[in-house]
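We name chains A, B, ... by the order of the sequence lines, and we start the count at 1 in each one. Basis for what follows: all heavy atoms, side chains included, without hydrogens, waters or symmetry-related copies.
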There are 2 protein chains.
Amino acid sequence: MKISTKGRYALRLMTDLAIHKDDGYISIKSIATRQNISEKYLEQIIKLLAKENLVESTRGAQGGYKLTREPIEYTVGEILRVTEGSLAPVACLETDDNPCENCMDCVTLEIWQCVLDAVNKVVDSITLQYLVDKQKEKGNCICC
Amino acid sequence: MKISTKGRYALRLMTDLAIHKDDGYISIKSIATRQNISEKYLEQIIKLLAKENLVESTRGAQGGYKLTREPIEYTVGEILRVTEGSLAPVACLETDDNPCENCMDCVTLEIWQCVLDAVNKVVDSITLQYLVDKQKEKGNCICC
DNA sequence: TGAATTCCTAGTAAATTTGTAGTATATTAT
DNA sequence: ATAATATACTACAAATTTACTAGGAATTCA
């Protein structure tokens with residue numbers, strides 16, 4: 001039941017972008033340096049966020065990424081779902097397509113649905129702005 | 001954020017044992033056949049449950065496993081934690097030892113703690129007896 | 001004694017995660 | 001124009017975890 005580095009790095013990445021939201025476009029390189037994360041790996045993660053329009057980019061010198069909205073308009077849940085794929089504990093609950101076709105009355109499915117709902121409720125109640133505030137208050141912890 | 005087959009198989013295994021709770025010791029072989037799960041793999045999973053005294057065993061002919069308590073006295077959460085290791089979304093929240101020593105004020109740790117609490121609350125509120133009742137009502141669905 | 005069964009240790013194949021590498025393309029400053 | 005700086009894209013590779021498989025020792029019962 002682990003969150004992967006993709007999701008965790010994405011939160012740090014987005015928090016970093018939020019903190020520098022008034023500094024124009026921010027390069028992956030500078031984020032990678034500050035957060036001590038592989039530049040190339042960050043590139044792949046931010047691509048997922050860009051595809052879903054959570055961030056926008058420009059190429060070339062002075063290029064980089066920036067948020068498309070205000071930090072308070074993002075939830076942690078949304079960031080995690082874009083990067084982790086889904087927070088569902090079983091594949092059967094993954095996006096629309098197949099809620100377990102041949103097995104609508106699966107005994108355990110309802111449990112996984114409750115778990116998913118509970119997780120979503122938590123992560124959807126926390127905004128990116130909250131992370132920014134905490135970060136400014138507590139310092140730049142990057143372990144979890 | 002997936003539950004592995006270990007946890008899912010464990011639920012089916014325990015439900016199977018609960019349904020046959022008055023039939024004496026139940027062999028792995030018979031469970032494996034009914035549930036269509038590898039015998040050897042089940043053996044490893046049930047070992048985890050035996051170590052924590054959720055089931056007891058006897059060897060030899062007519063041997064096998066049985067529950068140590070009534071089905072209503074087990075929660076799904078307990079079964080999952082024994083087999084999955086922990087339901088924590090990050091390693092920092094894993095069992096006592098290190099709640100992130102060098103980083104007590106990790107920005108995201110508190111989010112993961114809330115997620116863990118929410119998950120535990122759900123799975124701890126469901127008993128094995130509930131799974132048995134549902135199974136008897138709905139039939140032997142084994143997909144999730 | 002022999003069949004059935006758990007107990008124990010190791011190995012292994014497949015899948016997933018976590019990156020690396022290299023090149024093409026675009027933008028800006030000089 | 002050209003050089004420097006970035007993203008965009010594709011492919012590959014190492015490391016880790018998951019999901020099994022294999023084989024034999026120990027135990028129990030008929």
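Minimum atom distance to the side chain of S4(B) is reached by dA19(D), of the listed dT5(C), dT21(D), dA19(D). The side chain of A61(A) lies closest to dA4(D) when the candidates are dT9(C), dA4(D), dC20(D). Considering only the side chain of Q44(B), dT21(D) comes nearest among dT6(C), dT21(D), dA19(D). Among the nucleotides dC20(D), dT7(D), dT6(C), the one closest to the side chain of S57(B) is dT6(C).
Side-chain N/O atoms of S38(A) include one lying less than 4.0 angstrom from OP1 or OP2 on dT20(C). Checking the phosphate oxygens (OP1, OP2) of dT27(D), no side-chain nitrogen or oxygen of T58(B) falls inside 4.0 Å. Side-chain N/O atoms of Y41(B) include none lying less than 4.0 angstrom from OP1 or OP2 on dA13(C). An OP1 or OP2 oxygen of dT17(C) is reached within less than 4.0 angstrom by no side-chain nitrogen or oxygen of T5(A).
Residues R69(A) and L67(A) form no side-chain contact, since every pair of their non-hydrogen atoms from C-beta on lies 4.5 Å or further apart. Within the 4.5 Å cutoff, side-chain heavy atoms of L87(A) are placed close to those of N120(A).
Look at CZ on R59(B): it is 9 Å from C1' on dT28(D), rounded to the nearest Å. For the pair I31(A) CD1 and dA6(D) P, the computed distance is 12 Å after rounding to whole Å. In this structure, the CG atom of L48(A) is 15 Å from the C1' atom of dT7(D), given to the nearest Å. A straight line from CG of L49(B) to P of dT6(C) spans 14 Å, rounded to a whole angstrom. One can place OH of Y9(A) at 9 Å from C1' of dG19(C), the figure rounded to the nearest angstrom. With rounding to whole Å, I45(A) atom CD1 is found 9 Å from dT18(C) atom P. For E56(B) and dT5(C), the CD to P distance is 18 Å, given to the nearest whole Å. Distance CG (L42(A)) to P (dA6(D)): 15 Å, rounded to an integer number of Å.
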If you apply the rule side-chain contact (heavy atoms from CB on, under 4.5 Å), what do you find for R81(B) with D124(B), and how did you get there?
CA-CA 10 Å; R81(B) 281 187 297 269; D124(B) 285 340; 2.9 Å; yes
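When the nearest nucleotides of DNA chain D are assigned to Q62(A) and K40(A) by heavy-atom distance, the more 5′-ward of the two goes with Q62(A). Between I3(A) and E43(A), it is I3(A) whose nearest contact on DNA chain C lies nearer the 5' terminus.
Residue I46(A) is classed as having no contact, given no heavy-atom separation below 4.0 Å to the nucleic acid. Heavy atoms of Y25(A) sit nowhere under 4.0 angstrom from any nucleic acid atom.
Side-chain atoms of Q135(A) and T15(A) include no donor-acceptor pair closer than 3.5 Å.
Sparse packing is recorded around NZ of K6(B), with 12 or fewer heavy atoms of other residues, nucleotides or ligands lying under 6.0 Å away.
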